[in-house]
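Right, one structure below, let's go through it.
This is a predicted model, so every value here is computed, not measured. Protein chains get the first letters and strands the later ones, always in sequence-line order, with residue 1 at the start of each.
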2 protein chains.
Amino acid sequence: MIHQPLIQHINDQVKASPEDLLLFTSKLREVAVAKGKFVLRPNTYVKHEYFVVEGCLSAYYLDQKGNKNIVQFAIENWWLGDFDAFYNGVPSKLYIEALEDSTLLAINQDDLQILFQEAPIFERYFRLLVTSAFISQRKRILSSLGKSVKERYLEFCESYPNINGRVPNYQIANYLGVSAESLSRARKKLRELKKA
Amino acid sequence: MIHQPLIQHINDQVKASPEDLLLFTSKLREVAVAKGKFVLRPNTYVKHEYFVVEGCLSAYYLDQKGNKNIVQFAIENWWLGDFDAFYNGVPSKLYIEALEDSTLLAINQDDLQILFQEAPIFERYFRLLVTSAFISQRKRILSSLGKSVKERYLEFCESYPNINGRVPNYQIANYLGVSAESLSRARKKLRELKKA
DNA sequence: TAAAATGATTGACCTAAATCAATTAGGCTT
DNA sequence: AAGCCTAATTGATTTAGGTCAATCATTTTA
């Protein structure tokens with residue numbers, strides 16, 4: 001069943017009763033996105049958060065100079081959305097684009113508030129989710145400050161073993177904040193090291 | 001009363017009843033730390049999170065090469081602690097050092113769990129806290145990737161208007177992931193721009 | 001299968017920021 | 001006031017990584 005991966009994910013974090021789970025899943029809507037299509041674009045009011053059942057997506061901003069800045073990749077069992085827009089009621093600045101044909105579960109903002117009222121266990125579930133996202137983001141900050149391209153790429157491969165291979169290198173380079181050329185050179189050096 | 005700033009902070013985020021608030025504050029312990037002293041050191045099991053009533057602190061890691069990496073400053077009305085160690089039960093890798101004589105409120109891990117059971121509103125309070133910390137951290141990532149020292153310093157001053165002046169520049173440089181010399185030069189250029 | 005995109009790699013060159021080494025400027029002590 | 005820290009600044013030099021321009025490799029599409 002389509003909800004199964006999410007139920008599994010919830011059970012890994014908290015003890016929710018079957019009724020709670022049913023309440024949650026009753027509020028979900030299935031969303032299919034084809035490769036290259038957008039789940040979210042800037043200047044829209046964000047009404048949903050998404051759980052990835054299948055597929056691969058990226059979330060990015062365009063800065064003043066028009067440069068793309070990838071803030072997140074998401075594959076199976078990841079949540080994604082524009083938290084800033086969602087929680088602060090400001091228009092989104094984020095693009096969310098499918099890198100593969102993807103299947104998502106969407107939850108509406110109002111429904112989520114109701115869910116929190118009716119089943120506070122999900123308040124905990126989301127608190128734990130955001131906390132662990134916060135912790136990994138902190139690792140990313142430490143990695144981006146004062147580490148070489150080589151080191152950052154290695155850390156990326158460790159942190160996202162399942163993403164590497166599904167996403168082109170120039171997108172990984174973007175996520176790491178380096179040029180595609182630099183990443184290519186770093187990877188070459190790593191290959192040479194491995195051989196020797 | 002010592003708890004007042006925290007109560008204010010809670011009220012800004014959620015609607016907690018007087019009983020809930022009393023329950024929370026009953027679990028707090030006041031901690032005084034002198035300038036230069038540590039609230040937390042690596043390789044300890046972290047049993048508390050801290051709310052800053054007064055003062056200024058920094059949290060940092062030492063990397064493999066022994067370099068200091070400041071991950072956070074905290075002043076009045078900020079929470080700080082080693083989330084990773086606290087939530088995942090691993091030994092801390094973080095130093096938390098007082099940059100000024102400081103007064104903190106500490107909450108114990110077990111007490112916090114009990115609090116969440118007895119007053120789920122605080123589950124929400126902490127969820128909202130972590131979510132907004134997550135959002136500002138994301139901004140920091142975007143700032144550290146692909147922006148110049150000058151831009152990053154300006155963004156820092158905007159984000160932390162109350163910290164600038166209380167913390168020496170070489171520590172701000174460290175937080176930004178640049179050398180003290182580079183920050184000094186960037187500040188010089190900004191001064192010259194302002195004059196012209 | 002040819003042609004056309006798309007992505008990866010390589011080379012030459014350039015620039016922002018790091019590093020190294022003094023020098024200067026303010027606070028605090030005594 | 002003299003000396004002593006600590007922090008900030010400045011100059012000279014080096015370097016990692018960016019940029020620009022081609023070339024190569026690989027999928028996709030016609």
Side-chain angles (χ1 to χ4, degrees), chain A residues 34-37 56 58 60 63-70 73 97-101 142-157 163-195, chain B residues 34-37 56 58 60 63-70 73 97-101 142-157 163-195:
Chain A
K35 178 174 178 173
K37 300 291 181 190
C56 181
S58 77
Y60 60 88
D63 64 22
Q64 302 81 349
K65 300 161 201 150
N67 298 318
K68 186 168 162 176
N69 288 95
I70 297 179
F73 295 111
E97 180 183 350
L99 303 177
E100 302 173 357
D101 293 346
L142 287 172
S143 183
S144 76
L145 302 174
K147 298 225 169 157
S148 68
V149 177
K150 217 189 298 175
E151 289 169 309
R152 275 146 81 186
Y153 179 67
L154 286 173
E155 285 180 21
F156 175 85
C157 293
I163 284 183
N164 204 341
R166 292 173 72 172
V167 170
N169 285 328
Y170 74 91
Q171 302 234 34
I172 295 175
N174 184 297
Y175 176 89
L176 294 175
V178 304
S179 68
E181 293 94 328
S182 289
L183 179 58
S184 172
R185 281 184 258 262
R187 281 161 40 83
K188 186 182 187 181
K189 273 188 195 162
L190 289 169
R191 279 196 304 275
E192 286 165 1
L193 282 176
K194 199 166 270 179
K195 256 187 284 179
Chain B
K35 178 175 177 172
K37 299 289 180 190
C56 181
S58 76
Y60 60 88
D63 64 22
Q64 302 80 350
K65 300 160 201 152
N67 298 317
K68 187 169 162 175
N69 288 94
I70 298 179
F73 295 112
E97 179 182 350
L99 303 177
E100 301 172 359
D101 292 347
L142 288 173
S143 182
S144 76
L145 301 175
K147 298 225 169 158
S148 68
V149 176
K150 218 190 295 175
E151 290 170 307
R152 276 146 80 185
Y153 179 66
L154 286 173
E155 285 180 20
F156 176 85
C157 292
I163 284 182
N164 204 344
R166 292 172 72 172
V167 170
N169 284 328
Y170 74 92
Q171 302 233 34
I172 294 175
N174 184 296
Y175 176 88
L176 294 175
V178 304
S179 69
E181 294 94 328
S182 289
L183 179 58
S184 172
R185 281 184 258 262
R187 280 162 40 83
K188 188 183 186 181
K189 274 189 193 163
L190 289 169
R191 279 196 304 273
E192 286 166 359
L193 282 176
K194 198 166 268 178
K195 256 186 287 178

Discussion item. Please check: side-chain N/O of B:E151 versus main-chain N/O of B:S148, any donor-acceptor pairing under 3.5 Å?
Written reply: yes

Discussion item. Rounded to whole Å, how long is the line connecting atom NZ of A:K35 with atom C1' of C:dT6?
Written reply: 10 Å

Identify every side-chain donor-acceptor pair in residues 176-189 of chain A under 3.5 Å, counting partners at least two apart or on other chains, and give the distances.
from	atom 1	to	atom 2	distance (Å)
A:S179	OG	A:S182	N	3.1
A:S179	OG	A:S182	OG	3.1
A:R187	NH1	A:Y153	OH	3.0

Practice prompt. Under the side-chain contact (heavy atoms from CB on, under 4.5 Å) rule, what do B:F73 and B:R166 come out as? Steps first, then yes or no, please.
Written response: CA-CA 11 Å; B:F73 295 112; B:R166 292 172 72 172; over 6 Å; no

Worksheet item: Can you tell me how far the CZ atom of B:F156 sits from the OG atom of B:S144, to the nearest 0.5 Å?
Response: 14.0 Å

Worksheet item: Between A:R166 (CZ) and C:dG7 (P), how many Å, whole number?
Response: 17 Å

Item to complete: Grab the CG-P distance between B:N174 and D:dA8 for me, whole Å please.
Response: 13 Å

Worksheet item: Could you give the CD-to-C1' distance, from B:Q171 to D:dA8, as a whole number of Å?
Response: 14 Å

Worksheet item: Roughly how far, to the nearest 0.5 Å, is the OG atom of B:S143 from the CG atom of A:D63?
Response: 11.0 Å

Discussion item. Check this for me: B:K35, atom NZ, are more than 12 non-hydrogen atoms of other residues, nucleotides or ligands nearer than 6.0 Å?
Written reply: no

Discussion item. Please encode protein proximity along nucleotides 9-20 of chain C as a string of B, S and -, counting only heavy-atom distances under 4.0 Å.
Written reply: BBBB----SSBB

Worksheet item: Rounding to a whole Å, what distance do you find between B:L99:CG and D:dT6:P?
Response: 15 Å

